[in-house]
Structure formats: structure tokens, C-alpha cells
Number of protein chains: 2
Amino acid sequence: MRTLKVPEATITRLSVYSRYLSKLKKQGKITISSTDIAVGAGVNPAQVRKDLSFFGEFGTRGVGYDVDQLNWDILKILSLDEEWTVALVGFGHLGQAVTMHRVFKERGFNFTSIFDNDPNKIGTMVEGVEILPSERIEEVISKNKNRIGIITVPADAAQGAADALVKGGVQAILNFAPIHLTVPQEIELREVDLAVNLEVLTFHLDIQRQGYSRPLSFIR
Amino acid sequence: MRTLKVPEATITRLSVYSRYLSKLKKQGKITISSTDIAVGAGVNPAQVRKDLSFFGEFGTRGVGYDVDQLNWDILKILSLDEEWTVALVGFGHLGQAVTMHRVFKERGFNFTSIFDNDPNKIGTMVEGVEILPSERIEEVISKNKNRIGIITVPADAAQGAADALVKGGVQAILNFAPIHLTVPQEIELREVDLAVNLEVLTFHLDIQRQGYSRPLSFIR
DNA sequence: TAGATTGTTAATCGATTAACAATC
DNA sequence: TAGATTGTTAATCGATTAACAATC
């Protein structure tokens, strides 16, 4: 077994490259250079080649990469050559946004378990899936064999949702609630914080007022 | 003027610390150590102290930090001591999720311009704000003096939305569309990619199958 | 004074990028 | 062969963390 040290950032970029390649394919493009991928993804060309080099050789020197082939290779690396069934806890606005999000469908994610505690929502069908109360998370998740859980509940309910998901047997959690969750070591946890991203902007906008200069690395 | 090299990651963590401090304050906690902040934010204690050190000295040796004071100090650093008015383009599920999101209200963000091209939505009021067609972005943004724009339209409409926001005079853009946008250098751009975050999880879950080992830095 | 905890330096660690040989 | 572009090494750059003096 090869042992590689793949940076987390490499994985996120591979996902971006792949989506850009899908788009290029629709446009009928056959081959592409690392420079062009870099432009599409907003990164350095050397970065693109380095990222790919963790997983093998995918291009042809002097020529570039085959758009379709490279896309498939990356999808394979990301394990997107299989179908994934996902559980979602919290069918509020954010939960609805996630389940309906075009990009998740396009990339083969299937929401097979949906939970919410609103009595008006429980029992409702969402694209063939019944909304269930969160007390049934453990039971239903393990029945449906969901390996990934997405949390879109308010902050104060998020840890409870995570605990239930873990009990039900998920191996990975994507948390959108604005709170840091504690999960067992072996569970993959990824936290996406909407407010933080907005607050990084406010920091930068008033940077002159406060007299902090930006590091060179911020300059695009 | 002091010249500091503040890592982008420091800013995101400050935002997380601040939210955790708000929570602690509600719980009646008066002082806190860097170790406890670190636990709440899921980072290293040295990291917390280092992050703060870019901006000054906020604690008392041997004692710790005053919860409320530190929170205000961080809010000041992030420029959250002022009100921010925000423009949103795309009032689909994701746009609704963002405007309704509790955390944005709590942190003082005010959506004063909302755009969507759905004829059924145009003219509708959302908490006192009328939904307008996106051809009016430039005009309305500059009238409302929005400095920040949030993009929650589908990928193929995102660049157009960004261009209009820039023409209207926004200084920062938060992009949720799954595509890399091109904006003038002086515009702060932050891209939050929902699909990417899910695909990082699928990569990790099938890592054994493929035989890639995870770097030590991944181990929590 | 003893114990606790900050603020900061220096070491470590990791990620990005430039450069270039390999090769189509 | 000349031009183009990859794959990879080595250098650079930046971020994290350990350690400890300062000090409450």
C-alpha cells in the first residue's frame, strides 16, 4: 500500500477541478493544460500538477490532459464513482437548500433520510422521502445505512443531532450549525460556518480604519 | 501604522472564538483561559494566544481573559461594532436560508437589497425589503450603499451577478455558487463551496479502499 | 511565596511555488 | 527538430505548536 501525505486542501481543489472539467466537457473541450485548469479554479498551475501528482500521472507531456479522462480519474479519487446516500437533520431553510441543491444531485448524492421536529413537517414527503422526527435518527440511519450525515439544525440542537447520527452509525458528518461539535476520533467531521465567512469580509473591509495591513499572501 | 501579517485562518478563528464567548457570557461565565477557548473552538491553546497576539494583549497572566471584554475586543477587530448592510442576489432556497439565518441577525447583518428573477417573487416583501429583478442590481446597490454582496444564484448566473454587484460598488462578495468567480483585484472575494465540503468526506471515507493514508495533520 | 496562565520566541511542520529535466 | 507541457524536485513561504520567561 502506498503511503501518501495528501493535504486536505488538495482534496478540496480536486473537487473544484473536477467540476470545472465537467463544465468544459459540456462545452466540447477535449484537452486542457494545467494552466487552463488553474485559471478555471483560481489557483497556481504548479498547484494543479502537484495536487494530481499525489495520485499518479494523468497527463501527457507536451499535450496536456484529456478533459473527460481526467474528470473520471478525479471522481474515482474522490470516491464519487459510487452512489452515496446521505442523512439530513434539520429541514429548515438551510436543510431545504441543501437537499434541493442542484450540485448535490449532479454529483450523485442521494438524501434517503430526512429529520425535523416541526410537527407540520413530520410525515411530509420530500422527493419520495418521509420527514421523520429526530428521535428516530438512530433507528432510521442504521436501517438506511447512511454513512454521511448533514446537520442543518440551530446551534443548540447540533450536538444532539451529531450524537444521534454517530449512534446510528454514520462515519462522516458535515456540520452547518454555527458551533464546534465534538465527535469520536474515528468520525470524519467537517464544519462549514456561514457567519465566519461573512465576518472575514467585514474584517478586510475595515482594515484601513484599524491600521492592520494585509499579508502578501492575501494579495491575489 | 502597525504593519501586521495576519493569517486569513486567524480571522476565521477569531470569529469562532467570539461566538463561543457570546455563548459563555449567556451562561454567566466571567473569565476563561486560552485552554478553555481552545476546547470550545476545537483548536490548540497556543493557537488562541497567538491569534490574539496579532492585535494586542487581552488577558491577564495567571488569570485568563474576561469573557465579555475579550468578546467586545474581537468584535471590534472584526469590525462588527458597526452595522453592516448586505445585498443578496438569488432568493432561492439557499438565499432564503441565508437571509433567515439566525446567526446573521445575531451578528448585526442587515439585508437591505434582495434580488431574484422569478416573476412570482419579484415585488414580494421579505421582512420589509422588496425583492427586485437582477437588472436593477447596479442601481439599487449603489443607492443602498451596500458594501457586501452575497451570491446565491445557480452557477451559470453567478459571474453575471458578481459583475453587477461590482458595478454597483460593493467592496466584498461572498459567493455560494459552485463556480470560481473572477472579480477585480480590489474586491474581497470569498467562496464557500457546499459540494466540495461533502466530497472531502467521501474521499476520506473510502480512503482504505484506495490505499491512500491520511497525513498526520488530519488526525485529531 | 506557589500556582496559574499569558504573551512571545523559536522550532517544527506543512503547503505553495519556481524551476527544470523529461518527454510528447 | 522545435515547441509545448507535464511531473517532480528543491526552495520558499507561511502557519502551527512547544516551550518558557514574564507576571498576576
Side-chain angles (χ1 to χ4, degrees), chain A residues 2-14 16-17 21 29-67 69-70 73-74 77 200 212-220, chain B residues 2-14 16-17 21 29-67 69-70 73-74 77 200 212-220:
Chain A
R2 268 180 307 168
T3 297
L4 298 167
K5 311 274 188 223
V6 184
E8 185 93 352
T10 288
I11 311 304
T12 66
R13 284 189 297 261
L14 287 179
V16 174
Y17 303 159
L21 291 167
K29 216 152 172 22
I30 304 297
T31 57
I32 188 168
S33 67
S34 58
T35 304
D36 289 343
I37 296 175
V39 170
V43 302
N44 182 295
Q47 184 86 268
V48 173
R49 299 197 297 276
K50 180 74 177 174
D51 285 337
L52 293 171
S53 75
F54 287 107
F55 302 96
E57 303 190 2
F58 302 98
T60 307
R61 287 162 200 239
V63 178
Y65 303 89
D66 181 285
V67 170
Q69 183 59 51
L70 181 59
D73 287 335
I74 295 178
I77 291 167
V200 170
Y212 311 122
S213 86
R214 56 167 70 175
L216 289 166
S217 62
F218 283 9
I219 298 174
R220 281 190 299 273
Chain B
R2 270 181 305 170
T3 298
L4 298 166
K5 310 276 188 222
V6 184
E8 185 93 353
T10 288
I11 310 305
T12 67
R13 284 189 298 261
L14 287 178
V16 173
Y17 303 158
L21 291 167
K29 217 154 171 19
I30 304 297
T31 56
I32 189 167
S33 67
S34 58
T35 304
D36 289 344
I37 296 175
V39 170
V43 302
N44 182 296
Q47 183 86 266
V48 173
R49 299 198 297 275
K50 180 73 178 174
D51 285 338
L52 293 171
S53 76
F54 287 107
F55 301 96
E57 303 191 2
F58 302 98
T60 309
R61 287 162 200 239
V63 178
Y65 303 88
D66 181 285
V67 169
Q69 183 59 51
L70 181 59
D73 288 335
I74 295 178
I77 291 167
V200 170
Y212 312 120
S213 87
R214 56 167 71 174
L216 289 165
S217 62
F218 284 8
I219 297 174
R220 281 191 299 273

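Chain A is the first sequence line, chain B the second, and so forth, proteins listed ahead of strands; every chain is numbered from 1. Atom set for the values below is all heavy atoms of this structure, side chains included, hydrogens, waters and symmetry mates excluded.
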What is the distance, to the nearest angstrom, from the [atom1] atom on [X] to the [atom2] atom on [N]?
X: B/Phe54; N: D/dT17; atom1: CZ; atom2: P; value: 13 Å
X: A/Leu52; N: D/dT6; atom1: CG; atom2: P; value: 10 Å
X: B/Lys5; N: D/dC13; atom1: NZ; atom2: C1'; value: 12 Å
X: A/Phe58; N: D/dT6; atom1: CZ; atom2: C1'; value: 13 Å
X: A/Glu57; N: D/dT8; atom1: CD; atom2: C1'; value: 9 Å
X: B/Glu8; N: D/dC13; atom1: CD; atom2: C1'; value: 16 Å
X: A/Gln69; N: D/dT6; atom1: CD; atom2: C1'; value: 16 Å

Can you see if the side chain of A/Tyr65 gets near the phosphate of D/dA4 - specifically, an N or O under 4.0 Å from OP1 or OP2?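 Indeed not, no polar side-chain atom of A/Tyr65 lies that close.
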With a cut-off of less than 4.0 Å, is there a side-chain N or O of A/Ser34 near OP1 or OP2 of D/dT6?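 Looking at the OP1 and OP2 atoms of D/dT6, one of them is under 4.0 Å from a side-chain N or O of A/Ser34.
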Using a heavy-atom distance cut-off of less than 4.0 Å, which residues of residues 35-51 of chain A contact DNA chain D? A/Arg49, A/Lys50
Can you tell me which residue among A/Asp73, A/Thr10, A/Ile74 is in a side-chain contact (heavy atoms from CB on, under 4.5 Å) with A/Phe55?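 Exactly one option meets the side-chain contact (heavy atoms from CB on, under 4.5 Å) with A/Phe55, and it is A/Thr10.
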Bend angle of the helix from C/dG3-D/dC24 to C/dC24-D/dG3 from five-pair axes at both ends, rounded to 10°?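 Here the helix ends are tilted 10° relative to one another.
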Minimum side-chain heavy-atom gap A/Phe58-A/Ser53 below 4.5 Å: no
Heavy-atom side-chain contact between B/Val6 and B/Asp51 under 4.5 Å: no
Begin from the C-alpha positions of B/Thr12 and B/Val16 and carry the test side-chain contact (heavy atoms from CB on, under 4.5 Å) through to its verdict. CA-CA 7 Å; B/Thr12 67; B/Val16 173; 5.8 Å; no
Side-chain donor-acceptor pairs of residues 29-38 of chain A under 3.5 Å, sequence neighbours excluded:
residue : atom : partner : partner atom : Å
A/Ser33 : OG   : A/Thr35 : N            : 3.4
A/Ser33 : OG   : A/Asp36 : N            : 3.2
A/Ser34 : OG   : A/Arg49 : NH1          : 2.9

Distance in Å, B/Tyr17 OH paired with B/Leu52 CG, rounded so as to fall on 0.5 Å steps: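 With rounding to 0.5 Å, OH (B/Tyr17) is 7.0 Å from CG (B/Leu52).
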Would you list the atom pairs, donor with acceptor, under 3.5 Å between side chains in residues 59-66 of chain A and any protein atom, with sequence neighbours excluded?
residue : atom : partner : partner atom : Å
A/Asp66 : OD1  : A/Asp68 : N            : 3.1
A/Asp66 : OD1  : A/Gln69 : N            : 2.8

Close N/O contacts between protein and nucleotides 22-24 of chain C (under 3.5 Å):
residue : atom : partner : partner atom : Å
C/dA22  : N3   : A/Arg61 : NH1          : 3.0
C/dC24  : O4'  : A/Arg61 : O            : 3.1

